Amino acid sequence: MLSRSARAVLDAALRKYRPGRVDFIPVGGITQLKPALRLMTAYRVVIQEVTGSEVLTSYTRWLECVQVKEGPEPEVCVAFSPRFERIWLESRKRLPEYMAQKPANTGLRSQYALRLYSWAKQHVKAGTTSISLENLRKVLGLESIKDVEGNVIQEPPLPIWANFRQRALDTAITEISRKTDLKMSVKSLERSKHRRVTSVTFAIKRQKVPNDD
């Protein structure tokens with residue numbers, strides 16, 4: 001959901017980030033100042049962790065601080081919060097793979113669309129593919145949260161199928177089909193004898209990336 005310029009700054013910083021590093025990391029010239037400031041002020045990171053029987057949600061910024069080294073050729077440097085070192089190291093591993101999917105999903109804004117697009121890219125060759133509702137919830141980040149013993153300590157968001165489909169699934173499918181190189185639709189639903197949806201079959205095919213207008 002970051003802009004291209006903000007992602008470029010983040011990628012440059014994460015590539016140089018090392019465990020325990022608390023000093024400033026150079027990310028480029030003065031043109032990087034504006035996207036770096038956006039990473040510090042306009043975007044936030046939501047980190048959800050399970051500790052024992054509690055679910056902890058932390059809200060933080062991508063960057064702790066931005067510094068400009070003045071001179072004939074000013075240099076922009078950034079620093080990460082050491083409190084979330086594990087998150088930065090994980091992001092460093094995942095961001096290059098995410099950016100490799102560009103420019104196809106550049107316009108995606110919904111977190112559900114971003115997640116579903118990444119999953120659909122892995123299955124586009126098949127044309128149609130089925131997934132259980134439980135696994136689809138995991139793909140979209142809408143699963144229940146369990147402790148280390150497997151006990152549910154937080155029920156999943158949007159537990160009712162109609163709400164799940166309207167507010168998450170259909171929104172993601174529409175955005176993907178309008179803005180990326182994939183066209184998706186729900187081909188069929190599988191239901192239990194109690195009429196509960198248990199799995200979803202998608203039709204996925206490649207298309208020319210639609211124009212922004």
Side-chain angles (χ1 to χ4, degrees), residues 1-2 4 7 45-50 53 55-57 86-87 89-212:
M1 299 176 74
L2 302 177
R4 186 187 297 275
R7 282 198 306 271
V45 187
V46 181
I47 304 167
Q48 197 168 62
E49 300 174 287
V50 177
S53 60
V55 179
L56 303 178
T57 302
R86 181 177 59 81
I87 303 301
L89 294 175
E90 187 67 21
S91 298
R92 188 178 67 183
K93 291 190 296 184
R94 296 188 179 189
L95 190 64
E97 177 184 351
Y98 173 75
M99 293 185 70
Q101 297 173 356
K102 308 301 179 190
N105 64 349
T106 296
L108 296 180
R109 302 295 297 173
S110 161
Q111 61 171 316
Y112 305 132
L114 288 164
R115 288 172 173 268
L116 188 61
Y117 176 85
S118 296
W119 173 83
K121 287 288 281 186
Q122 301 172 38
H123 300 280
V124 64
K125 290 183 179 180
T128 60
T129 187
S130 297
I131 182 174
S132 68
L133 182 57
E134 181 180 3
N135 287 335
L136 180 58
R137 282 187 168 277
K138 292 180 181 179
V139 168
L140 297 180
L142 292 171
E143 73 272 34
S144 60
I145 297 178
K146 301 178 181 180
D147 60 21
V148 292
E149 297 178 352
N151 301 310
V152 176
I153 58 178
Q154 183 172 304
E155 295 297 328
L158 305 176
I160 300 174
W161 163 253
N163 291 339
F164 172 84
R165 179 164 186 176
Q166 179 183 14
R167 295 175 60 184
L169 184 59
D170 284 351
T171 298
I173 290 174
T174 298
E175 190 173 0
I176 289 169
S177 297
R178 287 179 177 175
K179 297 181 178 180
T180 77
D181 59 342
L182 298 184
K183 186 173 183 62
M184 294 186 66
S185 62
V186 174
K187 187 174 183 181
S188 63
L189 302 175
E190 184 176 328
R191 298 177 182 269
S192 67
K193 60 182 179 181
H194 301 296
R195 302 298 297 163
R196 291 183 177 179
V197 174
T198 57
S199 67
V200 182
T201 299
F202 292 97
I204 310 170
K205 64 180 181 180
R206 298 186 186 277
Q207 66 175 358
K208 183 179 178 181
V209 178
N211 294 327
D212 292 340

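Side-chain atoms are counted along with the backbone in the values below, which use heavy atoms only and exclude waters and symmetry mates. Since this is a predicted model, take the numbers as computed values, not measurements.
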Any side-chain heavy atom of [X] sitting closer than 4.5 Å to one from [Y]?
{"X": "R196", "Y": "L133", "answer": "no"}
{"X": "S177", "Y": "K183", "answer": "yes"}
{"X": "W119", "Y": "N135", "answer": "no"}
{"X": "V197", "Y": "F164", "answer": "no"}

Output the distance between atom [atom1] ([X]) and atom [atom2] ([Y]), rounded to the nearest 0.5 Å.
{"X": "R191", "Y": "W161", "atom1": "CZ", "atom2": "CH2", "answer": "8.0 Å"}
{"X": "L136", "Y": "L142", "atom1": "CG", "atom2": "CG", "answer": "8.5 Å"}
{"X": "S199", "Y": "L189", "atom1": "OG", "atom2": "CG", "answer": "8.0 Å"}

Is a side-chain N or O of [X] found less than 3.5 angstrom from the main chain of [Y], in a donor-acceptor match?
{"X": "R137", "Y": "P157", "value": "yes"}
{"X": "T201", "Y": "S130", "value": "no"}
{"X": "Q111", "Y": "L140", "value": "no"}

For F202 and T128, run side chain to side chain contact (heavy atoms under 4.5 Å, CB included): C-alpha distance rounded to whole Å, both residues' side-chain angles, the deciding distance at 0.1 Å, then the answer.
CA-CA 5 Å; F202 292 97; T128 60; over 6 Å; no

Considering non-hydrogen atoms only, spot the tightest contact between E143 and P156 and give its length.
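For E143 and P156, the tightest heavy-atom pair comes out as C-CB, 3.7 Å.
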
With D181, the side-chain hydrogen bond (donor to acceptor under 3.5 Å, both in side chains) member among K208, Q207, K121, K205:
K121

Would you tabulate the side-chain donor-acceptor contacts of residues 165-172 under 3.5 Å, counting partners in other chains and residues two or more places apart, or write 'none'?
from: R165; atom 1: NE; to: D170; atom 2: OD1; distance (Å): 3.2
from: T171; atom 1: OG1; to: Q166; atom 2: O; distance (Å): 3.3

